Amino acid sequence: MSLYADLSRFGNIDADVALAGRTTLGVGGHAAMLFRPNDEKSLAQAIFMIPEDTYIFPIGRGSNLLIADSGIDGLVLDLSDLNTLEVSGNTLVAGAGARMSKIAQLAASAGLTGLEFMATVPGDLGGGVAMNAGAFGQQVSDVLQSVTLLSRDGKVQTLSRNDLDMRYRYTALPKDALILSASFALTEKNPEDVKQVMREMRAKRSETQPLALPNCGSVFKNPEGDFAARLIESVGLKGKQIGNANISDKHANFIVNQGGASCLDVLQLIRLAKAEVKKQTGIDLEPEVKLVGCSL
Ligand SMILES: Cc1cc2nc3c(=O)[nH]c(=O)nc-3n(C[C@H](O)[C@H](O)[C@H](O)COP(=O)(O)OP(=O)(O)OC[C@H]3O[C@@H](n4cnc5c(N)ncnc54)[C@H](O)[C@@H]3O)c2cc1C
């Protein structure tokens, strides 16, 4: 039986799938295959069918990705149907495909604090844990209790937060591990107060970020003690356009797609900002956006 027939027993499989529409930046070529398993059990069974030499790329909401115009020559794994959400006491457990905004909403309704920032970060639980997402002084690693992973050989293991090296926008996962779910240890707080904090965070976001145009959030990590946006602005690149992409004139650490931007347009802007900041300030900016199939 072919791989397509094998995998179709466990979910939805398509060939030659356009990826641009699956990223918030709206850039990227096609995936050779895209597989969306029905649930965790289906994925655990399907993983054995995928040949060892097939490259697997797990995708969440695609909100932190710059995918090459040539696409991904492998199997893109969409875990959006692994979206269970559960609260028990002060513990919240979410599946890899649960939207972070929904997780924040559930925590708030249950009167639990610690995940308010998730109301303002696009993306799913898997991407949030993989990136150690955070905002407004909170981040995943502050409240993460454990993460359940699936390895290429079908082994499921649960690692506690202390077993994971998590830093600013970085989580060291075992090689090729897929995040299935995660649990968070939260603290009780009045639900209305939690919701109010989320409303304030959202309002601040829309004031400062160019949310009307396709983008991938912060392009660079903030260097210790400074802000990438301030540095890019200081070297005169705010508003700079290449092809159909430009450095936002609202927030210089955002690159926006004006319509039909290519990966190369965005890459050239990233290279330019990195080189100019290095030349004029000596600071080496490190990308926060994940480059998939392309490099600086
Ligand atoms: C407007 C905007 C604002 C943003 N603001 C913030 C912010 O304030 N703070 C912040 O931290 N980020 C921010 N981001 C970036 C982005 O939202 C986060 O990095 C988010 O956590 C990415 O989640 P995702 O589901 O979109 O992951 P994707 O972008 O799809 O993937 C990101 C990485 O995670 C990996 N991954 C995804 N799922 C899994 C899985 N199940 N198992 C293993 N690996 C997996 C992918 O392979 C990839 O390497 C912003 C982005 C946008 C567009």
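Note that the structure is a prediction, hence the values are computed from the model and not measured. Just so it is clear, the values below take in all heavy atoms, side chains as well, and ignore hydrogens, waters and symmetry mates. Counting starts at 1 for both ligands and their atoms, in listed order.
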*asked:* Could you walk me through whether Arg271 and Gln268 satisfy the side chain to side chain donor-acceptor pair (under 3.5 Å) test, starting with their C-alpha distance in whole Å, then the side-chain angles of each, then the deciding distance to 0.1 Å, before giving a yes or no?
replied: CA-CA 5 Å; Arg271 287 178 186 141; Gln268 284 179 323; over 6 Å; no
_If you define the side chain from C-beta out and look only at heavy atoms, does anything of Ile232 sit under 4.5 Å from Ile247?_
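Ile232 vs Ile247: side chains touch.
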*Can you tell if the side chain of Ser248 reaches within under 4.5 Å of the side chain of Asn215, non-hydrogen atoms only?*
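Not in contact.
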*Interatomic distance, Asn38 atom CG to Arg9 atom CZ [nearest 0.5 angstrom]*: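 CZ of Arg9 is found 12.0 Å from CG of Asn38.
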*Report yes or no: does Thr208 contribute a side-chain atom to a donor-acceptor pair with the main-chain N or O of Lys204 at less than 3.5 Å?*
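Flag set: sc Thr208 to bb Lys204 pair under 3.5 Å.
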*Is there a donor-acceptor pair closer than 3.5 Å between any side-chain N or O of Asn257 and the backbone N or O of Ala245?*
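Answer holds: no.
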*Run through ligand 1 for me and note each protein residue having a heavy atom under 4.0 Å from it, chain first, then residue number.*
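Under the 4.0 Å cut-off, ligand 1 touches Thr24, Phe57, Pro58, Ile59, Gly60, Arg61, Gly62, Ser63, Asn64, Leu65, Leu79, Ala96, Met100, Val121, Pro122, Gly123, Asp124, Gly126, Gly127, Gly128, Ala130, Met131, Ala133, Gly134, Ala135, Arg169, Ala177, Leu178, Ile179, Arg205, Gln209, Leu211, Asn215, Cys216, Gly217, Glu288, Lys290.
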